Amino acid sequence: MSTLAQTMMTARPADSGLAGPGELDRYSYAEPHAAERVAPPAWDGPDTDLGRAGRRAAGSRGRGLHGQLVQQLGQMIVSGDLGADRPLVPEEIGQRFEVSRTVVRESLRVLEAKGLVSARPNVGTRVRPVSDWNLLDPDIIEWRAFGPQRDDQRRELCELRWTIEPLAARLAAGHGREDVQQRLGDMVEIMGHALAQGDGITFSRADAEFHTLLIQLAGNRMLEHLSGIVSAALQVSGGPVTGCDRPNEVSLTHHARIVDALAAGDAVAAESAMRQLLTVHPEVERVVPAPREH
């Protein structure tokens with residue numbers, strides 16, 4: 001096993017924390033009119049400890065307080081608990097979740113960057129409609145995948161992967177970068193060891209790295225920009241939607257076939273092997289075509 005493979009078998013995944021607060025005071029929010037403050041916030045309900053409970057649940061992500069609040073508010077918006085055009089009052093959020101105004105400002109700033117909320121003078125901060133969301137944002141993908149829209153999100157991700165990855169495999173065969181091909185082979189080797197040991201976590205990590213590397217190898221910067229979507233799709237699959245979600249010998253064989261096709265510079269074989277790997281689950285067969293044989 002190569003040094004890279006040995007490292008990945010033992011290394012812990014890097015924490016993906018959000019950026020520090022920075023110049024938060026420069027991001028101002030207009031105060032809503034008095035009439036808007038009369039209605040109780042949408043999170044008021046029988047569970048008066050909702051804010052603290054939500055913070056504990058999100059704390060496992062290893063983010064700071066504002067990251068945890070982003071997680072909680074993002075889930076509430078995506079699930080529909082905070083509907084479109086809902087006013088978000090910083091003071092009420094701070095009181096409910098027991099965080100400072102600075103934390104609230106930074107959290108709303110992050111949500112605004114994702115298209116979930118907007119802040120305008122004399123209007124305040126409001127939830128934006130679904131049509132304005134950045135649906136390719138990895139966090140939004142995750143929140144949708146584990147919320148009421150889970151079935152639609154996973155189907156859409158599966159369809160998107162069928163659009164992206166066979167093309168990426170075909171293009172990658174035309175780029176003879178031996179260093180990347182070696183790393184792809186390392187990932188297959190790691191997956192094989194993980195499968196033999198029943199280590200699903202390591203298998204999943206190597207699988208995600210495999211697909212990210214393959215898209216990078218395609219040499220198309222626009223496709224490469226979508227590699228994060230594929231990684232997010234693998235992380236939130238939550239069920240046997242594609243061959244990648246079933247760690248078994250068949251899945252491993254298809255990954256190995258892709259590596260062999262790339263090494264041989266066979267674009268048709270690489271695309272075919274990827275389509276075989278992405279063979280869909282019968283429940284979504286109606287929306288994704290069967291693999292093509294060349």
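Everything numeric in this text was worked out from a predicted model, so none of it was measured.
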Rounded to the nearest 0.5 Å, what separation is found between the [atom1] atom of [X] and the [atom2] atom of [Y]?
X    : Y    : atom1 : atom2 : value
R144 : Q149 : CZ    : CD    : 4.5 Å
L184 : L217 : CG    : CG    : 6.5 Å
Q75  : I140 : CD    : CD1   : 12.0 Å
L278 : T163 : CG    : OG1   : 10.5 Å
I141 : F146 : CD1   : CZ    : 11.5 Å
M274 : I258 : CE    : CD1   : 3.5 Å

When you measure from the side chain of [X] to the backbone of [Y], do you find a donor-acceptor pair of N or O atoms at a distance under 3.5 Å?
X    : Y    : result
S251 : N248 : no
W162 : C158 : no
H66  : V103 : no
W133 : V117 : no
T202 : D199 : no
S107 : L69  : no

Could you walk me through whether D207 and H255 pass side-chain hydrogen bond (donor to acceptor under 3.5 Å, both in side chains), step by step?
CA-CA 9 Å; D207 189 17; H255 283 86; 3.0 Å; yes
Report the residues that fulfil side-chain contact (heavy atoms from CB on, under 4.5 Å) with S204, sequence neighbours left out, ordered by chain and then residue number.
none
Going through the checks in order, is the salt bridge (charged side-chain N to carboxylate O under 4.0 Å, His left out) test met by E159 and R155?
CA-CA 6 Å; E159 294 170 351; R155 174 182 56 80; 3.2 Å; yes
Side chain to side chain contact (heavy atoms under 4.5 Å, CB included) with L73: which of V127, L88, L108?
L108
Return yes if a side-chain donor-acceptor contact under 3.5 Å exists between W143 and Q153, otherwise no.
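Note: W143 and Q153 side chains miss the donor-acceptor criterion.
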Partner residues of R150 under the salt bridge (charged side-chain N to carboxylate O under 4.0 Å, His left out) criterion, sequence neighbours left out:
none
State whether D186 and R183 are salt-bridged, where the test is any N-O pair (Lys NZ or Arg NE/NH1/NH2 against Asp/Glu carboxylate O) under 4.0 Å.
no
Answer yes or no: is there an ion pair linking R109 with E106, defined by an N-O contact shorter than 4.0 Å?
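Answer for the salt bridge query: yes.
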List the steps, then state whether salt bridge (charged side-chain N to carboxylate O under 4.0 Å, His left out) holds for E165 with R275.
CA-CA 8 Å; E165 295 194 77; R275 289 186 180 277; over 6 Å; no
Pick from Q182, Q181, R177: which one makes a side-chain hydrogen bond (donor to acceptor under 3.5 Å, both in side chains) with D179?
R177
